[in-house]
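Single-structure report; data block below.
Just the heavy atoms: all of them, side chains too, but no hydrogens, waters or symmetry mates, feed the values below. Read the numbers this way: they start at 1 and go in the same order the structure lists the ligands and their atoms.
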Amino acid sequence: MVLLRHGESVWNLENRFTGWTDVDLSVNGIEEARLAGKILKNEGYQFDKVYTSVLKRAIRTLWIVEEVMDLMWLPTEKRWELNERHYGSLQGLNKAEMAKQYGPELVHQWRRGYAIEPPPLDDADPRHPRFDRRYAHLASEKIPASESLEKTLQRVIPCWEKDILPDIAAGKELIIVAHGNSLRALYKHLEGLSDQEVMELNIPTGIPLVFELDEAFRPTAHYYLADSEKGQVAVDGIAH
Ligand code: DG2
């Protein structure tokens, strides 16, 4: 199974909290997606099915990977549960400016704390997902105005258990193209990281992360497919 965080988005580039804001890839993000596709192709990966979010930075990354790999036929499940965590009223704000205003510790807690929820979007805010058709089928209590990583995990893991795992059990090779925090939630679950340990976990944009699973679907190994120095810097470093 391969996990892939989308390529750099325009708001990653501008260092803005993004969450459920539907921004596109930056020019660099398009390149990252191409490189991810090339690496997967060169390494001989094949897939039977794709899971992604309903946000275009993940979907476009997937399209580019599929095009490069000549796999545009792949059945695709677009799932809101794989969306980035909702960043509440922080969405659109610059991370460095917020750190200056509120202090780096609080901003770090908002970004990496497990249970802390950023301030919510107002119910009447036109950016609230309850006004977005793609979430219209959801019960109102499921539509977030802000999410902690814990809440994100509470929607990612049921999707993993009910839908993704049965596909793996049926022998399908999967790629999951999603986001920094929805993938951190899945990684935490797979590797059994503590709430404290997951604070140190960062997943770089556009670098395929392979999980090898045993018969009980427990990970036996995981590794990034980063063959360049740039890729290694992204894996060792963080932020976006
Ligand atoms: C970023 C992650 O999400 O930000 O929402 O700002 O993976 O969709 O680019 P992504 C966002 P941090 O949690 O690293 O601040």
Side-chain angles (χ1 to χ4, degrees), residues 3-33 36 51-62 64-65 78-121 127 129 134 144-153 155-156 176-188 193 195 198-209 224 234-240:
L3 308 184
L4 180 63
R5 182 180 173 195
H6 59 81
E8 179 193 71
S9 74
V10 285
W11 278 17
N12 292 147
L13 177 63
E14 292 171 14
N15 201 20
R16 298 211 245 167
F17 288 101
T18 315
W20 284 29
T21 314
D22 202 6
V23 298
D24 214 333
L25 296 181
S26 68
V27 172
N28 181 45
I30 292 172
E31 256 332 292
E32 287 180 335
Y51 280 86
T52 190
S53 73
V54 294
L55 296 170
K56 75 170 72 120
R57 56 194 186 275
I59 296 169
R60 194 177 303 284
T61 298
L62 167 64
I64 294 168
V65 167
K78 293 186 187 129
R79 301 294 299 261
W80 73 273
E81 294 96 322
L82 296 173
N83 274 11
E84 181 52 293
R85 55 93 67 90
H86 197 293
Y87 254 125
S89 60
L90 297 178
Q91 290 184 175
L93 300 174
N94 182 282
K95 294 174 190 181
E97 278 165 22
M98 296 308 281
K100 269 192 219 146
Q101 205 170 321
Y102 292 100
E105 188 41 42
L106 179 56
V107 171
H108 184 66
Q109 282 299 327
W110 279 334
R111 294 182 67 189
R112 292 294 170 267
Y114 180 59
I116 189 162
E117 256 176 58
L121 268 185
R127 297 173 299 165
R134 79 194 98 177
S146 174
E147 291 179 299
S148 58
L149 184 62
E150 183 177 25
K151 280 207 173 155
T152 309
L153 186 137
R155 56 160 160 93
V156 170
I176 303 174
V177 186
H179 302 263
N181 293 292
S182 51
L183 292 174
R184 287 175 69 231
L186 182 55
Y187 187 127
K188 179 184 193 299
L193 299 189
D195 301 356
V198 75
M199 287 191 75
E200 306 305 318
L201 173 66
N202 295 297
I203 297 184
T205 51
I207 301 190
L209 171 56
Y224 284 99
V235 170
D236 294 342
I238 167 27
H240 320 293

Q: Identify which of His108, Lys95, Arg111 has a heavy atom lying nearest to atom 4 (O) of ligand 1.
A: Lys95

Q. So, Asn181 versus Arg111: side-chain donor-acceptor pair below 3.5 Å or not?
A. no

Q | Distance-only N or O hit between ligand 1 and Gly19, under 3.5 Å | A | yes

**Q.** Proximity of Arg85 to ligand 1 by residue part, where a heavy atom lies under 4.0 Å
**A.** neither

Q: Would you mind telling me if ligand 1 is within reach of the side chain of Trp11, the backbone, both or neither, using heavy atoms under 4.0 Å?
A: neither

Q) With a cut-off of 4.0 Å, which atoms of ligand 1 are near a heavy atom of Gly180? A) 7 (O)

Q | Backbone of Trp11 reached by a side-chain donor or acceptor of Arg16 within 3.5 Å | A | no

Q: Look at the aromatic rings of Trp20 and His86 and report parallel, tilted or perpendicular, splitting at 30° and 60°.
A: tilted

Q: Tell me which part of Thr205 gets within contact of ligand 1: side chain, backbone, both or neither, using heavy atoms under 4.0 Å.
A: neither

Q: Look only at the side chain of Ser9 and the backbone of Val23, and say whether a donor-acceptor pair between them is shorter than 3.5 Å.
A: no

Q. Is the backbone of Arg57 close enough, under 3.5 Å, to the side chain of Asp24 for a donor and an acceptor to pair up by distance?
A. no

Q.
List ligand 1 atoms under 4.0 Å from Arg16, heavy atoms only on the residue side.
A. 6 (O)

**Q.** Location of contacts on Asn12 toward ligand 1, heavy atoms closer than 4.0 Å
**A.** side chain

Q: Check whether the side chains of His6 and Thr205 place a donor and an acceptor atom closer than 3.5 Å, and report yes or no.
A: no

Q: Please say whether the positively charged group of Lys78, taken as NZ for Lys or CZ for Arg, lies over the ring of Tyr51, i.e. under 6.0 angstrom from the six-membered ring centre and within 45 degrees of the axis.
A: no

Q) Are His6 and ligand 1 in contact, using a heavy-atom cut-off of under 4.0 Å? A) yes

**Q.** Proximity to ligand 1 by part of His179, non-hydrogen separation under 4.0 Å
**A.** both

Q | Flag, side chain of Arg79 to backbone of Val54, donor-acceptor distance under 3.5 Å | A | no

Q: Pull out every atom of ligand 1 sitting under 4.0 Å from any heavy atom of Arg112, numbered as shown with elements.
A: 12 (P), 13 (O), 14 (O)

Q. Just which atoms of ligand 1 are under 4.0 Å from any heavy atom in Phe17?
A. 6 (O)

